[in-house]
Engineer: 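I am attaching a structure below and will ask some questions about it afterwards.
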2 protein chains.
Amino acid sequence: MKAEEISRKLIEKGLKVTPQRIAVYEAVIQLNNHPTAESIIKNIKKTSPHIASATVYKVLDALTENGLIKRVKTEKDIMRYDAILEKHHHLYCTETDRIEDYQDEHLDRLIENYFKEKEIPDFEIEDIKLQINGKFMKNN
Amino acid sequence: MKAEEISRKLIEKGLKVTPQRIAVYEAVIQLNNHPTAESIIKNIKKTSPHIASATVYKVLDALTENGLIKRVKTEKDIMRYDAILEKHHHLYCTETDRIEDYQDEHLDRLIENYFKEKEIPDFEIEDIKLQINGKFMKNN
DNA sequence: CTATTAAAAGAGAATCATTCTCTTTAACGG
DNA sequence: CCGTTAAAGAGAATGATTCTCTTTTAATAG
């Protein structure tokens, strides 16, 4: 994407156009494989060695808040532990971060059958987990 | 679960039985809603104030490695960013941590229809994401 | 029951991504 | 151009987790 087009998008969202914002946006587009903040910072520092790491974080936040990019949350986090070992999915409350288990063998079978017919190229499925985002109706 | 039964499980796995291991295991079972290491530590320190935090982490690792508990990985992690805004799922490589997008409208419709018929009690679904774990066949 | 020894626990420093605080700079409307 | 105000810069702070090194203890054999 051209810097000009990025400028236009920033202006559309009412964000000030700065070289740092353009650089960060360009980097996220260019590093198109879900880059971490770290790899974005490294990439940008090649061309703009003086940018502060905190600035990159702030720009990423601003772009995310304005829907220009998305945060992809991954897998190495503040870990949580579970004594229940059966296969289960997660209900995830977008308001409170509460997580509940959700088991549904019928659904599992449905998905399993679907992927028996339709394979994903170059990918061998080991296991599928659903993350069902939403809201709990009651606080219990 | 009784301490005795926990001992038996530890022995089964060839792990030494220590009061700390029993306390951690009991805490994970008792705090049955996906406790974080932090809340496990807090819980244990009520009864065993002298346990070292690092010990709890080590015990959790040992229990996880031996299949006695599971790690539940959640949602606030080392964030990754994505310039692709369309709805998509993720192929997650368990070997390399590589993440690829996976779009499949047919599958989305299948799941959507399923949850039109079968509601989850006390939960309002906003959006469902699949995390498809497995291995990429080629390194490209 | 006691000694041996390998594994585990303890303590606190180190790490590392991210956030915070405070100061300086610069975008942009007038 | 100028002033206002948001944004950038710098580096300290944070906080979960890991590491390193020392001490203790569980399991085992004599």
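Below, chain A is the first sequence line, B the second, and so on; all start at residue 1.
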Engineer: Under 4.0 Å, heavy atoms only, any strand: does A:Thr55 hit a base, just the sugar-phosphate, or nothing?
Structural biologist: base

Engineer: Nearest to the B:Arg21 side chain among C:dA9, C:dA27, D:dA7, which nucleotide is it?
Structural biologist: C:dA9

Engineer: Taking 4.0 Å as the cut-off, does a side-chain nitrogen or oxygen of A:Gln20 come that near to OP1 or OP2 on D:dG9?
Structural biologist: yes

Engineer: Grab the CG-C1' distance between B:Leu60 and D:dA16 for me, whole Å please.
Structural biologist: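 It works out to 13 Å between those atoms.
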
Engineer: Name the residue closer to the 5' end of DNA chain C, choosing between B:Ala54 and B:Pro19 according to the nucleotide with the nearest heavy atom.
Structural biologist: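 Nearest-nucleotide comparison on DNA chain C picks B:Pro19.
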
Engineer: I need the NZ-P distance between B:Lys58 and D:dT24, as an integer number of Å.
Structural biologist: 15 Å

Engineer: Would you say that more than 12 heavy atoms from the other residues, nucleotides or ligands in this model lie under 6.0 Å from the CD of A:Glu12, or not?
Structural biologist: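 It does: A:Glu12 CD has more than 12 such atoms within range.
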
Engineer: Atom CD of A:Glu65 to atom P of D:dA6: distance rounded to whole Å?
Structural biologist: 14 Å

Engineer: Out of D:dA27, C:dT19, D:dA7, which nucleotide sits closest to the side chain of B:Lys16?
Structural biologist: D:dA27

Engineer: Grab the NE2-C1' distance between B:His50 and C:dA8 for me, whole Å please.
Structural biologist: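 Spelled out: NE2 on B:His50 to C1' on C:dA8 is 18 Å.
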
Engineer: Go through C:dC28, D:dT17, D:dA10 for me and flag the one nearest to the B:Ala37 side chain.
Structural biologist: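 Closest nucleotide among those given: D:dT17.
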
Engineer: Give a yes or no on whether A:Lys2 atom NZ has more than 12 heavy-atom contacts from other residues, nucleotides or ligands under 6.0 Å away.
Structural biologist: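 No - once you tally the heavy atoms of other residues, nucleotides and ligands closer than 6.0 Å, there are 12 at most.
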
Engineer: Once you round it to whole Å, what is the distance between C1' of D:dA16 and NZ of B:Lys42?
Structural biologist: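 B:Lys42 atom NZ is separated from D:dA16 atom C1' by 14 Å.
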
Engineer: Apply side chain to side chain contact (heavy atoms under 4.5 Å, CB included) to B:Leu60 and B:Val28, showing your working.
Structural biologist: CA-CA 9 Å; B:Leu60 288 169; B:Val28 177; 3.9 Å; yes

Engineer: Please report, rounded to the nearest Å, how far the P atom of C:dA26 is from the CD1 atom of A:Ile51.
Structural biologist: 13 Å

Engineer: Could you walk me through whether B:Lys118 and A:Asp104 satisfy the side chain to side chain contact (heavy atoms under 4.5 Å, CB included) test, starting with their C-alpha distance in whole Å, then the side-chain angles of each, then the deciding distance to 0.1 Å, before giving a yes or no?
Structural biologist: CA-CA 10 Å; B:Lys118 176 165 187 169; A:Asp104 189 337; 3.6 Å; yes

Engineer: Between C:dA6, D:dG9, D:dT17, which one does the side chain of B:Tyr57 approach most closely?
Structural biologist: D:dT17

Engineer: The side chain of B:Ala52 is closest to which nucleotide in this list: C:dA8, C:dA11, D:dA8?
Structural biologist: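 My answer, after comparing the listed nucleotides, is C:dA11.
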
Engineer: Are any side-chain N or O atoms of B:Arg21 and backbone N or O atoms of B:Lys16, one a donor and one an acceptor, separated by less than 3.5 Å?
Structural biologist: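 It does hold such a pair.
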
Engineer: Which whole-number value in Å describes the distance from B:Glu38 CD to D:dT14 P?
Structural biologist: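 Computing the B:Glu38:CD to D:dT14:P distance gives 15 Å.
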
Engineer: C:dC28 P sits how many Å from A:Ile11 CD1, rounded?
Structural biologist: 7 Å

Engineer: May I ask you to say what B:Ala62 touches in the nucleic acid, namely base, sugar-phosphate or nothing, with a heavy-atom cut-off under 4.0 Å?
Structural biologist: nothing

Engineer: Is any side-chain nitrogen or oxygen of B:Thr18 closer than 4.0 Å to OP1 or OP2 of C:dA8?
Structural biologist: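 The answer is no; no side-chain N or O of B:Thr18 sits under 4.0 Å from OP1 or OP2.
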
